[in-house]
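What follows is one structure encoded as structure tokens, with my remarks underneath.
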Amino acid sequence: GRKYGVLPTMQDDVLSIMVWNFEDGMEDDVNDRKIRLTLANVPFKGEYKLIHYRIDKEHSNSYAVWKRMGKPYSPSVEQIRHIREREGLELYGPIENIKMNYNMSFEIDMPMHSVSLLLLVPANGNKPEVPRFIKGVVEEGYNGNPQVFLKWVPSKEKDFLYYKVWRRSENEREYTVISDNTSLNTATYIDMDVEKGKKYYYKIQAINASGMESELSEELMVEI
């Protein structure tokens with residue numbers, strides 16, 4: 001059977017296309033494919049944004065990051081932070097502006113053992129909804145260090161892209177961004193850069209594919 005394929009789905013005015021190139025027992029650097037997608041009779045037109053997510057050895061792959069570090073048995077806090085930053089679904093490239101037409105085509109380079117998800121969403125000049133916190137919990141990290149686990153209500157907006165995390169400590173007046181990573185697209189975050197005996201205040205912000213930013217969420221205080 002074929003070891004590559006395409007699966008398109010449509011909901012309202014959003015088009016999703018999954019593309020894969022995968023074969024068990026093959027090395028990563030053989031059988032790269034260039035896949036050309038042709039879309040015919042597209043039922044909507046206008047200004048759109050193309051979000052291209054990718055899973056391969058370079059993207060959305062925390063194992064590969066750990067491997068490049070030399071597979072440390074007891075990674076440092078800094079190493080764990082870098083590994084966690086690559087756990088989410090990562091963009092293959094910047095968001096693209098697309099003018100949707102009845103007939104369109106895309107060409108995608110697909111290395112062996114890769115999956116792409118193309119999301120075509122309408123351009124949107126409105127701010128996303130403001131995120132709402134569920135909880136902030138102090139935990140003991142992998143190396144016994146304290147860390148804060150944050151959880152909030154996931155965005156249901158069709159053109160949602162990612163979250164920014166803001167923080168200030170009790171002796172700081174201004175908030176600063178501690179995460180501005182497009183792969184933070186799930187509604188949880190672990191802050192490993194905290195100290196015992198301190199209070200920290202957090203706010204979350206949602207960003208959509210058109211680059212519009214929500215207002216900051218209500219403040220959440222966590223005492224270590």
Side-chain angles (χ1 to χ4, degrees), residues 1-24 26 28 31-64 86-132 151-164 181-188 204-214:
R2 285 194 320 177
K3 305 299 182 183
Y4 59 93
V6 178
L7 178 65
T9 59
M10 194 164 59
Q11 185 172 15
D12 301 326
D13 53 359
V14 174
L15 181 61
S16 308
I17 308 168
M18 190 168 77
V19 186
W20 66 92
N21 182 23
F22 202 91
E23 190 167 351
D24 288 337
M26 299 290 280
D28 283 345
N31 279 15
D32 287 5
R33 288 188 169 95
K34 198 180 283 286
I35 294 180
R36 187 173 180 81
L37 300 175
T38 300
L39 309 181
N41 305 317
V42 177
F44 28 76
K45 293 168 74 174
E47 301 297 328
Y48 265 64
K49 300 289 180 179
L50 172 61
I51 309 169
H52 185 171
Y53 292 110
R54 169 62 67 85
I55 301 172
D56 60 21
K57 67 178 181 179
E58 301 297 333
H59 301 85
S60 315
N61 193 332
S62 53
Y63 173 73
R86 307 300 298 278
E87 284 177 338
L89 199 53
E90 292 186 319
L91 292 175
Y92 186 58
I95 305 297
E96 290 183 45
N97 297 316
I98 297 286
K99 200 175 270 296
M100 286 292 264
N101 292 307
Y102 288 117
N103 297 297
M104 305 175 65
S105 61
F106 303 95
E107 200 166 71
I108 310 175
D109 290 313
M110 299 293 294
M112 178 52 70
H113 302 145
S114 65
V115 180
S116 272
L117 176 63
L118 308 182
L119 296 180
L120 287 146
V121 300
N124 180 6
N126 298 318
K127 291 183 176 184
E129 290 177 18
V130 181
R132 286 185 297 113
K151 186 174 184 179
W152 54 93
V153 178
S155 171
K156 290 187 168 63
E157 294 179 82
K158 60 190 175 186
D159 62 343
F160 164 75
L161 188 62
Y162 78 106
Y163 300 102
K164 270 188 194 177
N181 187 333
T182 54
S183 67
L184 182 57
N185 39 41
T186 54
T188 60
I204 305 295
Q205 188 176 29
I207 292 93
N208 69 21
S210 297
M212 300 298 292
E213 301 184 339
S214 75

Exercise: identify the closest heavy-atom pair between [X] and [Y]:
X: N103; Y: A40; value: OD1-CA, 3.2 Å
X: R132; Y: W152; value: O-CB, 3.1 Å
X: D56; Y: P111; value: OD2-CG, 4.1 Å
X: M110; Y: V19; value: CE-O, 3.4 Å
X: S105; Y: T38; value: CB-OG1, 4.0 Å
X: K49; Y: S210; value: CE-OG, 3.7 Å

Distance check, rounded to the nearest 0.5 Å: [X] atom [atom1] versus [Y] atom [atom2]?
X: E96; Y: I51; atom1: CD; atom2: CD1; value: 11.5 Å
X: I207; Y: N185; atom1: CD1; atom2: CG; value: 11.5 Å
X: E47; Y: I98; atom1: CD; atom2: CD1; value: 10.0 Å
X: Y163; Y: T188; atom1: OH; atom2: OG1; value: 9.5 Å
X: F22; Y: S114; atom1: CZ; atom2: OG; value: 9.5 Å
X: H52; Y: I17; atom1: NE2; atom2: CD1; value: 10.0 Å

Worked check of side-chain hydrogen bond (donor to acceptor under 3.5 Å, both in side chains) between K3 and N21: CA-CA 6 Å; K3 305 299 182 183; N21 182 23; over 6 Å; no

Test log, rule side chain to side chain contact (heavy atoms under 4.5 Å, CB included), inputs M18 and V115: CA-CA 7 Å; M18 190 168 77; V115 180; 3.9 Å; yes

Ring geometry between F44 and Y48 (parallel below 30°, tilted from 30 to 60°, perpendicular above 60°): parallel

Q11 atom CD, over 12 foreign heavy atoms within 6.0 Å: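 No, the 6.0 Å shell around CD holds no more than 12 heavy atoms from other groups.
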
More than 12 heavy atoms from other groups under 6.0 Å of CD on E157: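 Counting neighbours around CD of E157, more than 12 heavy atoms of other residues, nucleotides or ligands fall under 6.0 Å, so yes.
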
4.5 Å side-chain heavy-atom contact, L161 and D159: no

Under 3.5 Å donor-acceptor, Q205 side chain and S214 backbone: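 Indeed, once roles are kept as given, a pair shorter than 3.5 Å links the two residues.
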
Chi angles and distances behind the side chain to side chain contact (heavy atoms under 4.5 Å, CB included) call for L50, L120: CA-CA 5 Å; L50 172 61; L120 287 146; 3.9 Å; yes

Pairing of E213 and K127 as salt bridge, 4.0 angstrom limit: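 K127 and E213: not salt-bridged.
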
Criterion side-chain contact (heavy atoms from CB on, under 4.5 Å) against R54, the qualifying member of L118, L89, I108, L91: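 Going through L118, L89, I108, L91 one by one, the side-chain contact (heavy atoms from CB on, under 4.5 Å) with R54 is satisfied by I108 alone.
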
Full working for side chain to side chain contact (heavy atoms under 4.5 Å, CB included) between D13 and K158: CA-CA 9 Å; D13 53 359; K158 60 190 175 186; 2.8 Å; yes

